[in-house]
Novice: 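I am attaching a structure below and will ask some questions about it afterwards.
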Amino acid sequence: MLQRLRDQTQSTGFKIIVAVLVFALAFFGFGAFNVFAPGDPTVASVNGEDITQGALLQETEREKRFLMVEGGESANLDPLQMQSRALERLITRTLLEQIVDDLDLTAAPSRVNAAVVADPGFQIDGQFNEDIFRRGLSAMGFTPPEYMAALAKQMSSDQLQRAVAESVFATDWETRSFARLMGQKRDLAWLPFTVTHFSEGVAVDAAEVETYYHEHQTELMTEETVDAAYVELAWDQLLDDPSIEITEADLEREYAADKAAAEADEQRRSAHILLRTGDERTEAQAIALLEDISGRITAGESFAELAETYSEDPGSAQLGGDLGAVGQGIFDPDFEEALWALDVGELSPPVKSAFGYHLIRLDGIETVEFPAFSEQRATLEERLRRAAAEELFTERLRELDSLAFENNDSLGAVAEAFGLEVQRVEGVSRTVGDAVFADADIREALFAADVLLDGNNTAALEYGANRAVVARVDEHHATALKALDEVRPEIEALLVERAAQDRLAEAHEAALVRVRAGDSVAAVADEHGLAWETLEAAARTDPRPPPEVMEAAFTLSRPEEGGKSVGVAVLGSGGKAIVTVTRVVEGDVSTLADSELDGLRQLFVSRSETLDYEALYQGYLADADISRRVLQSD
């Protein structure tokens, strides 16, 4: 297989529609669209495998949640950008899954289960916690089966990377050659042609400036902006609302529910031996062999040693069959039912699952010692108050939206009714804004015709986590042509730079021709009032020359005896440089310690792994039939 890897609006009707959609989304998620639509539209196709609008919506929502967690309120939540990133990720993932399927790579369920249990993000004090697991998945937009399936696919892709990596090695000759190359030193020189140098003496007259001003007016317009006012409602403002009352009975019920859930959430430590069935082994043969192994264990033989010998689960066999401590809902249902029927130390009879036949041993039961009510009381009250505030926020959001519509010519009534402060931000454009207007959806609503031109309030716009805003335009600053005197310095600088770039390009090209023809490098430099900079025995990592010069110098071929190699570097400042190399000295391997050679060997192997994996993916990508639908912002 390794060789193969190498080769390869405000109307009543409208509100009713929105209410129906909100209800559907609240209770059924994005999958609810399937109820109302005859089919899920396709947004892309990879080798005939469709990526649907529903999948894209789900992935985009995960992208949004991730950005909100990572960047908070400052996160860039541009809908079109999020959709584009999500679509490309889905396309890449689909193609990788096809590659994995083509190469018959799979992740054993036991390895997937073990990875979930071992994930620190799902643990408390080093132990897997079912509640943390489900909460974490909910935050990421996954159900447990969806997550397990996605993890299995990811682990299969990781297996592909490992397979490529395992096919890469470095011989001593390759390592030493790489060491000589990486340790190479070069005598080099460079002649920089800068915009600053060729700007000297460039004059721009008033007529040129005026001509540019009249010909490029669309580029010299002010940006359309607004000064905006807004009120913001957040769930945490409602934590102390008088309508929220948490009784002692409420706290006791919550405590009892938590305690019952904890007691039911016991974890079982187990080990197993798996035998697969198929062309090479019948079910009867698997059962007979497991019964024989069970007898040998009962007679005193080591379960771990027999698991290493016989188990066909590569993830646990090398661990003596150990599956660790796991709660319910992780393993195959038949396997789990058998495991939960055992007493500690007991062996099961052969158990059939979707993966074959198992011999299971229960090694221990781990239960959680639940804290007393007095210890949990403050936490429980905080949780119930938060939940009540979030629920109250939903009610207040509807009231906020209704009041903003009924009093759409100002924010005064809205602010007074909810005890909110009217805040203001100046200079909000369609693309940039401060405070709440950093959110693209809120800016878009602010520039809608009924808000911008008719002077209405926006609807109550929910953003972030249980936060909402109603905004309006205080003053509209339409786009306008800037005065000539205002932009004159900007135009003059631009025209000077353009002329300098032309002079630079002409001089650089002429000088390059002469240097390559063998003319005196000093004479070439003098002709343009420039000076060469030189460096002897420069290593690849030498920080003194510009990085573009070093890249060009170490790309040039080895010069002939007494000659020079000539190349070009495009400088980051907009200039160019002529680069010459006159001597190349290979790295001295004999001066390297064994540890240094080992480090270079690992670097060589790591680069080769990356290149081989990229070549494999790019090979499949080049042959793939991929189509995309043009995405549009909602």
Novice: Is it the case that over 12 heavy atoms from other parts of the model lie below 6.0 angstrom from the CD atom of Gln123?
Specialist: yes

Novice: To check you understand the geometry: which heavy-atom pair defines the closest contact between Ala624 and Leu95, and what is its length?
Specialist: CB-CD1, 4.2 Å

Novice: For the pair Glu59 and Arg89, find out whether any cationic side-chain nitrogen is under 4.0 Å from an anionic carboxylate oxygen.
Specialist: yes

Novice: Looking at every heavy atom in both Val195 and Glu497, which two are closest together, and how far apart are they?
Specialist: CG1-CG, 4.1 Å

Novice: My understanding is that only residues two or more places apart in sequence, or in another chain, count here; which of them pass ring pair (Phe, Tyr, Trp, His ring centres under 6.0 Å) with His216?
Specialist: Tyr212

Novice: Quick one: do Glu381 and Arg377 make a salt bridge, cutoff under 4.0 Å?
Specialist: yes

Novice: Answer yes or no: are there more than 12 heavy-atom neighbours, outside Asp205 itself, under 6.0 Å from its atom CG?
Specialist: yes

Novice: Counting only heavy atoms not in Glu492 (residues, nucleotides, ligands), do more than 12 fall under 6.0 Å from its CD?
Specialist: yes

Novice: What are the two closest heavy atoms between Leu397 and Ala460, and how far apart are they?
Specialist: CD1-CB, 3.8 Å

Novice: Salt-bridge test for Glu88 and Arg628: reply yes if a basic N is under 4.0 Å from a carboxylate O, no otherwise.
Specialist: yes

Novice: Looking at Asp434, I'd like to know if its CG atom is crowded, meaning that more than 12 non-hydrogen atoms belonging to other residues, nucleotides or ligands lie closer than 6.0 Å.
Specialist: no

Novice: Please evaluate residues Glu224 and Arg430 with respect to the criterion salt bridge (Lys or Arg N to Asp or Glu O under 4.0 Å), reporting the C-alpha separation (whole Å), side-chain torsions for both, the decisive distance (0.1 Å), and the verdict.
Specialist: CA-CA 8 Å; Glu224 180 186 26; Arg430 294 179 185 269; 2.9 Å; yes

Novice: If you measure only the distance, is there a donor-acceptor pair under 3.5 Å linking the side chains of Glu208 and Tyr213?
Specialist: no

Novice: Do NZ/NE/NH1/NH2 and the carboxylate oxygens of Asp236 and Arg385 come within less than 4.0 Å?
Specialist: no

Novice: Quick one: do Ser429 and Glu223 satisfy side chain to side chain donor-acceptor pair (under 3.5 Å)? Show the steps, please.
Specialist: CA-CA 7 Å; Ser429 73; Glu223 187 174 15; 3.2 Å; yes

Novice: In chain order, what residues pass the salt bridge (Lys or Arg N to Asp or Glu O under 4.0 Å) check against Asp474, with sequence neighbours excluded?
Specialist: Arg424

Novice: If you measure only the distance, is there a donor-acceptor pair under 3.5 Å linking the side chains of His477 and Asp227?
Specialist: yes

Novice: Any sub-3.5 Å donor-acceptor pair from Arg443's side-chain atoms to Ala438's backbone N or O?
Specialist: yes

Novice: Return each pair, listed once, that meets side chain to side chain donor-acceptor pair (under 3.5 Å) where at least one residue sits in residues 389-399; pairs must be two or more places apart or across chains.
Specialist: Asp241-Arg396, Arg386-Glu390

Novice: Can you name the residues that form a ring pair (Phe, Tyr, Trp, His ring centres under 6.0 Å) with Phe393, not counting sequence neighbours?
Specialist: none

Novice: Distance-only, no hydrogens or angles: does the Thr458 side chain make a donor-acceptor pair with backbone N or O of Ala471 under 3.5 Å?
Specialist: yes

Novice: Leu420 and Gln237: side-chain contact (heavy atoms from CB on, under 4.5 Å), yes or no, with the steps?
Specialist: CA-CA 10 Å; Leu420 303 175; Gln237 298 169 340; 3.7 Å; yes

Novice: Filter on ring-ring contact (aromatic ring centres under 6.0 Å, His included), then keep only pairs touching residues 479-502, sequence neighbours left out; what's left?
Specialist: none

Novice: Identify the two heavy atoms, one from Gly433 and one from Val428, that lie closest to each other, and give their separation to 0.1 Å.
Specialist: CA-CG1, 4.2 Å

Novice: Per the side chain to side chain donor-acceptor pair (under 3.5 Å) rule, what does the pair list look like for residues 407-418, sequence neighbours excluded?
Specialist: Asn408-Asn456

Novice: Crowded around Glu252 CD? As in, over 12 foreign heavy atoms under 6.0 Å?
Specialist: yes

Novice: Are Phe437 and Phe447 near enough that their ring centres are under 6.0 Å apart?
Specialist: no

Novice: Working to the nearest 0.5 Å, report the span between CG of Leu446 and NE2 of His476.
Specialist: 10.0 Å

Novice: Between Gln423 and Val231, is a side-chain contact (heavy atoms from CB on, under 4.5 Å) present by the stated rule, with each step listed?
Specialist: CA-CA 6 Å; Gln423 303 179 69; Val231 292; over 6 Å; no

Novice: What is the minimum heavy-atom distance between Leu571 and Pro546, and which atoms define it?
Specialist: CD2-CB, 4.4 Å

Novice: Step by step, work out the side chain to side chain donor-acceptor pair (under 3.5 Å) result for Glu406 and Ser402.
Specialist: CA-CA 6 Å; Glu406 293 167 0; Ser402 178; 3.0 Å; yes

Novice: Is a donor from one side chain sitting under 3.5 angstrom from an acceptor on the other, for Gln376 and Asp258?
Specialist: no

